[in-house]
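Notes to accompany the following structure.
Just so you know, ligand 1 is whichever comes first in the structure, and atom 1 is the first atom listed for that ligand.
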Amino acid sequence: MERIALITGATSGIGQACARRFAQGGYNLILTARRDDKLQEVKQQLEKEGVEVLTLTFDVRDREAAHKAFASLPDAWKNIDVLVNNAGLARGLEPEYEGDYQDWDEMIDTNVKGLLTMTRLVVPGMVQRNKGHVVNIGSVAGDAAYAGGNVYCATKAAVKTISDGLRIDVADSCVRVTNVKPGLVETNFSNIRFHGDEQRASHVYDGIKPLTGDDIADVCFYAVSAPAHVQIAEVLVLATHQASGSVVKRNV
Ligand SMILES: NC(=O)C1=CN([C@@H]2O[C@H](COP(=O)(O)OP(=O)(O)OC[C@H]3O[C@@H](n4cnc5c(N)ncnc54)[C@H](OP(=O)(O)O)[C@@H]3O)[C@@H](O)[C@H]2O)C=CC1
Ligand SMILES: CC(=O)[C@H](N)C(=O)O
């Protein structure tokens with residue numbers, strides 16, 4: 001059996017780019033997300049390139065569904081070498097005192113609790129086999145809050161702390177943990193943040209060349225491909241004219 005990477009949120013953006021990058025790198029893939037039709041499209045495309053792909057369709061917020069999906073994997077596919085905890089989202093950009101409870105729950109349940117569920121399912125096998133790599137997709141948004149970012153930024157700060165905590169807890173094994181913190185990446189992210197308002201979403205990238213999902217996938221693959229004694233603990237990846245979560249120079 002080839003090496004196996006499980007990538008959450010593989011129907012779009014960074015997750016889909018990671019699926020392509022790890023496929024090119026010789027991994028077989030377990031791809032997860034909620035939209036089964038999109039997952040099948042990605043699977044068919046990658047299978048044409050000779051990669052074996054299994055799909056698991058579930059919502060990472062639904063712990064029982066996640067457990068069932070993992071349990072349904074054939075035994076050989078449970079030996080996961082790389083877990084890319086990518087599924088996540090931002091909702092809204094309102095001041096914290098005007099925030100929407102549903103938006104808050106969705107971000108916390110997906111970005112924090114969903115990531116923890118997947119870690120809890122996959123990492124025991126890695127520790128047992130004394131081998132594996134967890135890549136958590138954090139964000140520059142977790143380094144410092146920006147206006148209206150409040151709860152989203154907090155979820156990504158949590159991803160940093162959860163990554164640091166896991167790294168401590170697996171330090172007596174060969175399992176490695178990397179927190180990749182992207183800046184502005186042009187994906188479906190802003191569309192989702194603004195609940196489908198495409199015009200508002202497109203302005204996020206006005207006057208700046210943003211990162212692509214492929215840029216982030218390259219960084220994830222680089223971290224995983226480092227020699228076994230090298231643990232790339234954290235990587236901050238910004239667009240060139242971006243200096244932080246809140247400083248972006250446009251039309252330079
Ligand atoms: N774009 C950016 O500027 C940045 C993004 N990030 C982070 O990168 C990650 C990927 O985002 P990005 O690619 O940009 O955004 P996209 O919206 O393009 O992709 C998000 C992916 O997550 C999946 N997803 C969302 N919610 C759930 C859920 N509840 N259960 C299962 N899957 C889910 C979606 O699949 P489906 O809808 O089919 O379930 C989709 O595949 C996120 O964690 C985001 O916070 C970090 C920094 C910057
Ligand atoms: C840096 C991110 O996570 C995202 N692009 C955002 O606008 O918060």
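In this structure, the side chain of Lys156 engages the main chain of Ile137 through a donor-acceptor pair within 3.5 Å. A distance-only check finds a donor-acceptor pair linking the side chain of Gln242 to the backbone of Leu184 [under 3.5 Å]. Formation of a donor-acceptor pair under 3.5 Å by the Arg3 side chain with backbone atoms of Gly25 is found in this model. The closest donor-acceptor contact from the side chain of Glu234 to the backbone of Asn179 lies at 3.5 Å or more, if one exists at all.
Of the charged side-chain nitrogens involved, none lies within less than 4.0 Å of a carboxylate oxygen, so that Arg35 and Asp37 do not count as a salt-bridged pair. Remark: Arg250 does not engage Asp206 in a salt bridge, criterion side-chain N to carboxylate O under 4.0 Å. A salt bridge links Arg21 with Asp218: the closest approach of a Lys/Arg side-chain nitrogen to an acidic carboxylate oxygen falls below 4.0 angstrom.
Below 3.5 Å of separation, one finds no N or O of Pro182 facing any N or O of ligand 1. Checked by distance only, ligand 1 and Ser139 stay at 3.5 Å or farther apart across all their nitrogen or oxygen atoms. Residue Tyr205 has no N or O atom closer than 3.5 Å to an N or O atom of ligand 1. Where the criterion is an N or O separation shorter than 3.5 Å, residue side chain and backbone included, Gly15 fails it with respect to ligand 1. In terms of polar-atom proximity, Val60 is counted as a contact of ligand 1, with an N or O under 3.5 Å from an N or O of the ligand. Ligand 1 has no nitrogen or oxygen under 3.5 angstrom from a nitrogen or oxygen of Ile192. At a 3.5 angstrom cut-off on N or O pairs, Asn111 does not count as close to ligand 1. Checking only distances, Gly183 does come within under 3.5 Å of ligand 1, N or O to N or O.
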Check: every ligand 2 N/O to protein N/O pair under 3.5 Å:
from, atom 1, to, atom 2, distance (Å)
ligand 2, 3 (O), Ser139, OG, 2.5
ligand 2, 3 (O), Tyr152, OH, 3.0
ligand 2, 7 (O), Tyr146, OH, 3.3
ligand 2, 8 (O), Tyr146, OH, 2.2

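With hydrogens left out, the protein atom closest to atom 10 (C) of ligand 1 is Asn86 OD1, 3.0 Å, a heavy atom. When only non-hydrogen protein atoms are considered, atom 44 (C) of ligand 1 lies nearest to Tyr152 OH, 3.7 Å. Looking at atom 37 (O) of ligand 1, its nearest protein heavy atom turns out to be Arg34 NH2, 3.0 Å. The closest protein non-hydrogen atom to atom 23 (C) of ligand 1 is Gly9 CA, 3.5 Å. In terms of protein heavy-atom proximity, atom 3 (O) of ligand 1 is nearest to Val185 N, 2.9 Å. Taking atom 5 (C) of ligand 1 as the reference point, the nearest protein heavy-atom neighbour is Phe189 CD1, 3.8 Å. The single protein non-hydrogen atom nearest to atom 18 (O) of ligand 1 is Ser12 OG, 2.5 Å, given as residue, atom name and distance. The nearest protein atom to atom 32 (N) of ligand 1, hydrogens excluded, is given as Ala87 CB, 3.6 Å; this is a heavy-atom distance.
By the criterion of a heavy-atom distance under 4.0 Å, the backbone of Phe58, and not its side chain, is placed next to ligand 1. Under 4.0 Å from ligand 1, the heavy atoms of Lys156 that appear belong solely to its side chain. In Ala10, the part holding a heavy atom less than 4.0 Å from any atom of ligand 1 is the backbone. The proximity of Thr110 to ligand 1, defined as any non-hydrogen pair under 4.0 Å, is limited to the side chain.
Interface of Arg61 with ligand 1, defined as ligand atoms under 4.0 Å from a residue heavy atom, comprises 29 (N). Of all atoms in ligand 1, numbered sequentially from 1 with element shown, those under 4.0 Å from a heavy atom of Gly138 are 46 (C), 47 (C). Close approach of ligand 1 to Thr11 is summarised as follows: ligand atoms under 4.0 Å from at least one heavy atom of the residue are 34 (C), 35 (O), 36 (P), 38 (O), 40 (C), 41 (O). Within the listing of ligand 1, atoms 28 (C), 29 (N), 30 (N) sit less than 4.0 angstrom from a heavy atom of Asp59. In the vicinity of Ile14, heavy-atom distances shorter than 4.0 Å reach the ligand 1 atoms 5 (C), 8 (O), 13 (O). Taking every non-hydrogen atom of Ile137 and a distance limit under 4.0 Å, the qualifying atoms of ligand 1 come out as 7 (C), 8 (O), 9 (C). Close contacts of ligand 1 with Arg35, meaning ligand atoms under 4.0 Å from a residue heavy atom, involve 35 (O), 36 (P), 37 (O), 38 (O). The ligand atoms of ligand 1 that sit less than 4.0 angstrom from a heavy atom of Thr187 are 1 (N), 12 (P), 13 (O), 14 (O), 15 (O), 18 (O).
Not close to ligand 1: Ala90, with no non-hydrogen atom less than 4.0 angstrom away. Residue Lys38 places no heavy atom under 4.0 Å from ligand 1.
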Go through the steps for Arg129 and Asn79 under the test side chain to side chain donor-acceptor pair (under 3.5 Å), then give the verdict. CA-CA 8 Å; Arg129 294 185 298 279; Asn79 298 335; 3.3 Å; yes
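Using a 4.5 Å heavy-atom cutoff, the side chains of Leu89 and Glu106 are in contact. Between Val134 and Asn85 the shortest side-chain heavy-atom distance falls below 4.5 Å. The shortest side-chain heavy-atom distance between Leu73 and Leu54 falls under the 4.5 Å cut-off.
With atom 20 (C) of ligand 1 as the reference point, the heavy atom nearest to it among Gly13, Ala217, Gly88, Ala33 is part of Gly88.
Atom CD of Gln102 has 12 or fewer neighbouring heavy atoms from other residues, nucleotides or ligands inside a 6.0 Å radius. Other residues, nucleotides and ligands contribute at most 12 non-hydrogen atoms within 6.0 Å of the CD atom of Glu198.
Linking Ile, Leu, Val, Met, Phe, Trp and Tyr residues whenever their side-chain heavy atoms come within less than 4.5 Å leaves Val180 and Met118 in two separate clusters. If you chain together hydrophobic residues whose side chains sit under 4.5 Å apart, Ile162 and Val177 never meet in one group. Residue Leu39 is not grouped with residue Ile4 when hydrophobic side chains (ILVMFWY) are merged at heavy-atom distances under 4.5 angstrom, including chains of intermediate members.
The one candidate from Thr119, Thr178, Asn136 that meets the side-chain hydrogen bond (donor to acceptor under 3.5 Å, both in side chains) condition with Ser163 is Asn136.
Listed by chain and number, the residues in a side chain to side chain contact (heavy atoms under 4.5 Å, CB included) with Lys249 are His241, Val247, Val252 (sequence neighbours excluded).
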Side-chain donor-acceptor pairs of residues 208-215 under 3.5 Å, sequence neighbours excluded:
from, atom 1, to, atom 2, distance (Å)
Thr212, OG1, Asp214, N, 3.3
Thr212, OG1, Asp215, N, 3.1
Thr212, OG1, Asp215, OD2, 3.2
Asp214, OD1, Arg20, NH2, 2.8
Asp215, OD2, Thr212, N, 2.8

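Contacts classified as side-chain hydrogen bond (donor to acceptor under 3.5 Å, both in side chains) and involving residues 144-153 (residues at least two apart or in different chains) are given here: Tyr146-Arg193.
In terms of heavy-atom proximity, Gly9 sits nearest to Asn86 at O-ND2, 3.1 Å.
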